[in-house]
Amino acid sequence: MQLWNCRCVKVEKDGAGITHNFYPFFKVDADGTVHRFQDIKFVPPSYNPKTGVRSKDITILPGKNISARLYLPKISGKKQKFSLLFYIHGGGFCTQSAFSPTYDSYLHKLTAEANVVAVSIDYRLAPEHPIPSCYDDSWAVLNWAAQGTEPWLKQHANFSRVFLAGDSAGANIAHNLMVRASEESHFRPSLVGMALVDPYFGNGKPDGLWTYLCPNTTGLYDPRFNPAAHPRMLSKLNCSKILVCTAGKDFLRDRAWTYYETMKKSGWKGEVGIKEIEGEGHVFHLFNQTCKKAKVLMKSLVEFLV
């Protein structure tokens, strides 16, 4: 899952061609075969008797293997409504899953503490499914949910209070979903805000992983990769508040601050805040979810989702 120090190494392979090595994610043989360095485990949906949080899996587009895991907080009444959170997992666009132990445990905690109905989106991974597949898949999940026919969502989701959130590549996807929703007037749910944790917006230098996974990229100023280079686009985001979270030792820290500063100056009418956790690295809160600083970050997210 870690992104730091990821770089592409082109290696001549016995005269047979070029391989691409994006350690710690994957490598690609000259014939196009992808070998992943990480095996992502699957954990089934569950019920936590201590928190009362339940989860279940939904297949949304079987032909494209697009799905989601839904989380329902403790219910005290049949008609009880909660804010609706769409969460997008990170992993460099090319690893991890909504069904992995890391994200399942984190979404259980977030659902319980923020008291929200959560939809954890599982999108197809690059490089087998290059960017923008992750954006299109996530957009399909948003539109599926907006139909309001799924029983948990129909009974308990407040579609007038909808949030987007994600970490790393997932934060990048969340931002791009907000851009698309802001551009399409027919999108029905009322998007209140989004929380971007350690967003993957680059660090001002050429990014070999992004370039390889997104063949049609326009480069360093691609608005999907570097939104701060497009303040006019940011000024049109159709939500009322944004929280940017970063960490003092995150290699993407500077671009998170640039996004925050650009939002403030863009003319956007909403409220933007930033939370920096000193002394920690990229998505540290996922690796040690019970540490003191992870709890500080969780508190900031919970307060934002109120």
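Heavy-atom basis, side chains included; hydrogens, waters and symmetry copies ignored. Just so you know, residue 1 is the first one in the sequence shown, and it goes up from there.
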- request: Apply the test ring-ring contact (aromatic ring centres under 6.0 Å, His included) to residues His175 and Tyr259: give CA-CA distance (whole Å), side-chain angles for both, the deciding distance (0.1 Å), then the verdict.
  value: CA-CA 11 Å; His175 163 80; Tyr259 181 93; 5.5 Å; yes
message: Parallel, tilted or perpendicular, judged at 30° and 60°: which one describes the rings of Phe82 and His156?
response: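 Rings of Phe82 and His156: tilted, as their planes differ by 30° to 60°.
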task: Please work out whether the ring planes of Phe22 and Phe26 are parallel, tilted or perpendicular, with thresholds of 30° and 60°.
output: tilted
[Y] versus [X], side-chain donor and acceptor atoms under 3.5 Å:
X      : Y      : answer
His89  : Asp167 : no
Asp222 : Asn226 : no
Trp144 : Glu150 : no
Asn48  : Tyr71  : no
Ser240 : Glu271 : no

Donor-acceptor under 3.5 Å ([X] side chain, [Y] main chain):
X      : Y      : value
Gln289 : Lys109 : no
Asp198 : His282 : no
Ser182 : Met178 : yes
Asp250 : Thr246 : no
Thr33  : Asp29  : no
Arg161 : Val306 : yes
Thr211 : Asp207 : yes
Ser235 : Arg232 : yes

[X] side chain near [Y] side chain, heavy-atom distance below 4.5 Å:
X      : Y      : result
Ser97  : Tyr123 : no
Leu72  : Val53  : no
Leu237 : Val179 : yes
Asp254 : Asn203 : no
Pro130 : Leu213 : no
Lys275 : Leu301 : no
Lys236 : Asn238 : no

query: Taking it one step at a time, do His230 and Tyr221 satisfy ring-ring contact (aromatic ring centres under 6.0 Å, His included)?
result: CA-CA 8 Å; His230 304 268; Tyr221 298 99; 7.7 Å; no
Co-membership, hydrophobic cluster, residues [X] and [Y], 4.5 Å side-chain:
X      : Y      : result
Phe86  : Phe99  : no
Leu297 : Val302 : yes
Phe93  : Val28  : yes
Trp257 : Leu252 : yes
Phe287 : Ile40  : no

Might you confirm whether atom [atom1] of [X] has over 12 heavy atoms from other residues, nucleotides or ligands at distances under 6.0 Å?
X     : atom1 : answer
Lys81 : NZ    : yes
Lys27 : NZ    : no
Tyr47 : OH    : yes
Lys56 : NZ    : yes

To check you understand the geometry: which heavy-atom pair defines the closest contact between [X] and [Y], and what is its length?
X      : Y      : result
Ala126 : Cys94  : O-CB, 3.0 Å
Ser120 : Ala98  : OG-CB, 3.4 Å
Gly204 : Leu220 : O-CD1, 4.3 Å
Val34  : Pro127 : CG2-CG, 3.8 Å
Leu196 : Ala171 : CD2-O, 3.4 Å
Met298 : Leu110 : SD-CD1, 3.6 Å

Charged N to carboxylate O below 4.0 Å: is that the case for [X] and [Y]?
X      : Y      : value
Glu184 : Arg180 : yes
Glu278 : Lys293 : no
Arg69  : Asp104 : yes
Arg36  : Glu128 : yes

task: Only one of Ile66, Asp122, Leu177, Ile88 passes side-chain contact (heavy atoms from CB on, under 4.5 Å) with Val141; say which it is.
output: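 In the set Ile66, Asp122, Leu177, Ile88, the residue that makes a side-chain contact (heavy atoms from CB on, under 4.5 Å) with Val141 is Ile66.
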query: Cationic tip of Lys241 within the cone over Phe304's six-membered ring, i.e. under 6.0 Å and within 45° of the normal?
result: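 The answer is yes; both the distance and angle limits are met.
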message: Here's one to test your reading of the geometry: is the NZ or CZ of Arg124 within 45 degrees of the ring axis of Tyr135 and under 6.0 Å from its centre?
response: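 That pair does not qualify as a cation-pi contact.
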message: For Tyr23 and Phe37: C-alpha separation, side-chain torsions, deciding distance, then whether ring-ring contact (aromatic ring centres under 6.0 Å, His included) applies.
response: CA-CA 7 Å; Tyr23 185 83; Phe37 294 115; 5.1 Å; yes
task: Assess whether side chain to side chain donor-acceptor pair (under 3.5 Å) is satisfied between Thr217 and Trp210, documenting all intermediate values.
output: CA-CA 8 Å; Thr217 185; Trp210 166 264; 2.8 Å; yes
message: I'd like to know whether Trp268 forms a side-chain contact (heavy atoms from CB on, under 4.5 Å) with Cys239, so could you lay out the CA-CA distance, the side-chain angles of the two residues, the decisive distance to 0.1 Å, and finally the verdict.
response: CA-CA 9 Å; Trp268 179 64; Cys239 60; 3.9 Å; yes
field: Spacing of His285 atom NE2 and Thr102 atom OG1 [to the nearest 0.5 Å]
entry: 10.5 Å
